[in-house]
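So the structure is just underneath, and the comments pick up after that.
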Amino acid sequence: MEIKITKTTTPKEKPVDESKLGFGQVMSDHMFLMNYTEGRGWHDARVTPYAPLPMDPSCMVLHYAQEVFEGMKAYRWADGSVHLFRPEENAKRLQDSSDRLCIPQIPVDDFVQAVKTLVAVDKDWVPHQEGTSLYVRPFCFATDNHLGVHASKTYLFCIIGSPSGSYYPNGIDPVNIYVESRDVRAVRGGTGFTKCGGNYAASLRAGEAAATAGYAQVLWLDGVERKYIEEVGAMNVMFKVDGKVITPALNGSILPGITRKSCLELVRSWGVPVEERKITAEELFVAADEGKLEEAWGTGTAAVISPIGEMGWEGKKAAINGGEIGQLSQKLYNTLTGIQWGKVEDVHHWVTNID
Ligand SMILES: *Cc1c(COP(=O)(O)O)cnc(C)c1O
């Protein structure tokens, strides 16, 4: 794919204090754009100065939410080089999401090339301080201007980058979570396995209710029986029970996380038994009562590992590992972040240099 590069003539000031970056607040100098037109396919791949996207009020995405996205990071190593973590997995997942939302797919190689090109142009925007990264947000949406309900004939694929701070500036802190029995995030046959904006819109209310009740995250149950654990917040979830790692099987309503996949590959390579299956909230609270719920954690690109210190469900509370991060969670965190920042040997060939 040929990508035309137009560099900004008015570069922005880069954040001076990288400890204050936060998440997704500052955008880098450039963005990647590519258009789709029915009959012509994807065309006009380009990197341009970061700028607002002009939009007609009848633009289809504003009404029917035909949109998919990805989330990934570019990591600066101690030698100054910049790397991505399993970008072809993001490319494949965007294809699966696109397929579900009737959005034309982008070839895996073109996706990876687009991300690498943008990150290379904005390489100076990849922050330096430990734990920081350039968060990369590819997204693709319907751009036809009219109100008829059907798949759009035109689309825009866009990638933006945002220098972001360390997720754990004050060290890893286990969170308390609340089992949500009213709202559901997704149902089988719906869009739960895709990264589409609509899933997030539907999850906000429960998140706010949990926050009001003093919990950091929502533990989602299945949409049919409200019995089986699905995910935690916008992360996949895993438990260590009686020496085994258990995690909900990918059933269509659960997002197939790349961190999830990587954790399971690592855990299996360490000889720890893994079960991907249905898990009820009941089972976890019984295991906690019996002292067998050893660890619990969420997995996702942003936090990598987010240990769970306490769970609340129907008035009951279960403390996990005394509210501290467990050994296996810590080992997963150290290994994954070590590979991402080039400090641990990448035996699985997960990282790619952008140059
Ligand atoms: C993105 C996402 C995840 C985590 O996926 P990663 O590839 O590990 O970042 C988990 N659940 C939901 C709902 C997500 O949107």
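Ligands are counted one by one from 1 in listed order, and the atoms in each one are counted from 1 as well. Side-chain atoms are counted along with the backbone in the values below, which use heavy atoms only and exclude waters and symmetry mates. For this chain, numbers begin at 1 and follow the sequence in order.
Remark: the backbone N or O of Arg260 is not paired with any side-chain donor or acceptor of Ser262 at under 3.5 angstrom.
The existence of a salt bridge linking Glu208 and Arg205 is excluded, since no basic side-chain nitrogen approaches an acidic carboxylate oxygen closer than 4.0 Å. Between Lys20 and Asp17 a salt bridge is recorded (basic side-chain N to carboxylate O distance below 4.0 Å). Lys195 and Glu70 are not joined by a salt bridge, as no carboxylate oxygen comes within less than 4.0 angstrom of a charged side-chain nitrogen. No salt bridge links Lys331 with Glu295; every basic N to acidic carboxylate O contact stays at or beyond 4.0 Å. We find that Glu276 and Arg268 are joined by a salt bridge, their nearest charged nitrogen and carboxylate oxygen being less than 4.0 Å apart.
Checked options Lys278, Lys292, Arg277; the residue passing with Glu283 is Arg277 (criterion: salt bridge (Lys or Arg N to Asp or Glu O under 4.0 Å)).
Counting protein heavy atoms only, atom 9 (O) of ligand 1 is closest to Thr301 OG1, 2.6 Å. Given atom 3 (C) of ligand 1, the protein heavy atom at minimum distance is Ala234 O, 3.4 Å. Scanning all protein heavy atoms for the shortest distance to atom 11 (N) of ligand 1 gives Glu231 OE1, 2.5 Å. Of the protein's non-hydrogen atoms, the one nearest atom 1 (C) of ligand 1 is Lys195 NZ, 1.3 Å. Considering only non-hydrogen protein atoms, atom 8 (O) of ligand 1 sits nearest to Thr259 OG1, 2.6 Å. In terms of protein heavy-atom proximity, atom 15 (O) of ligand 1 is nearest to Tyr200 OH, 2.5 Å.
Close approach of ligand 1 to Arg185 is summarised as follows: ligand atoms under 4.0 Å from at least one heavy atom of the residue are 13 (C). The contact set between ligand 1 and Gly257, taken as ligand atoms under 4.0 Å from a residue heavy atom, comprises 5 (O), 6 (P), 7 (O), 8 (O). Atoms of ligand 1 found under 4.0 Å from any heavy atom of Met235, numbered from 1 in the order shown, are 10 (C), 11 (N).
Contact between Gly71 and ligand 1 is absent, with no heavy atom of the residue lying under 4.0 Å from the ligand. Arg93 counts as a contact of ligand 1, since one of its heavy atoms falls under 4.0 Å from the ligand.
Sparse packing is recorded around CD of Glu324, with 12 or fewer heavy atoms of other residues, nucleotides or ligands lying under 6.0 Å away.
Checked by distance only, ligand 1 and Leu255 stay at 3.5 Å or farther apart across all their nitrogen or oxygen atoms.
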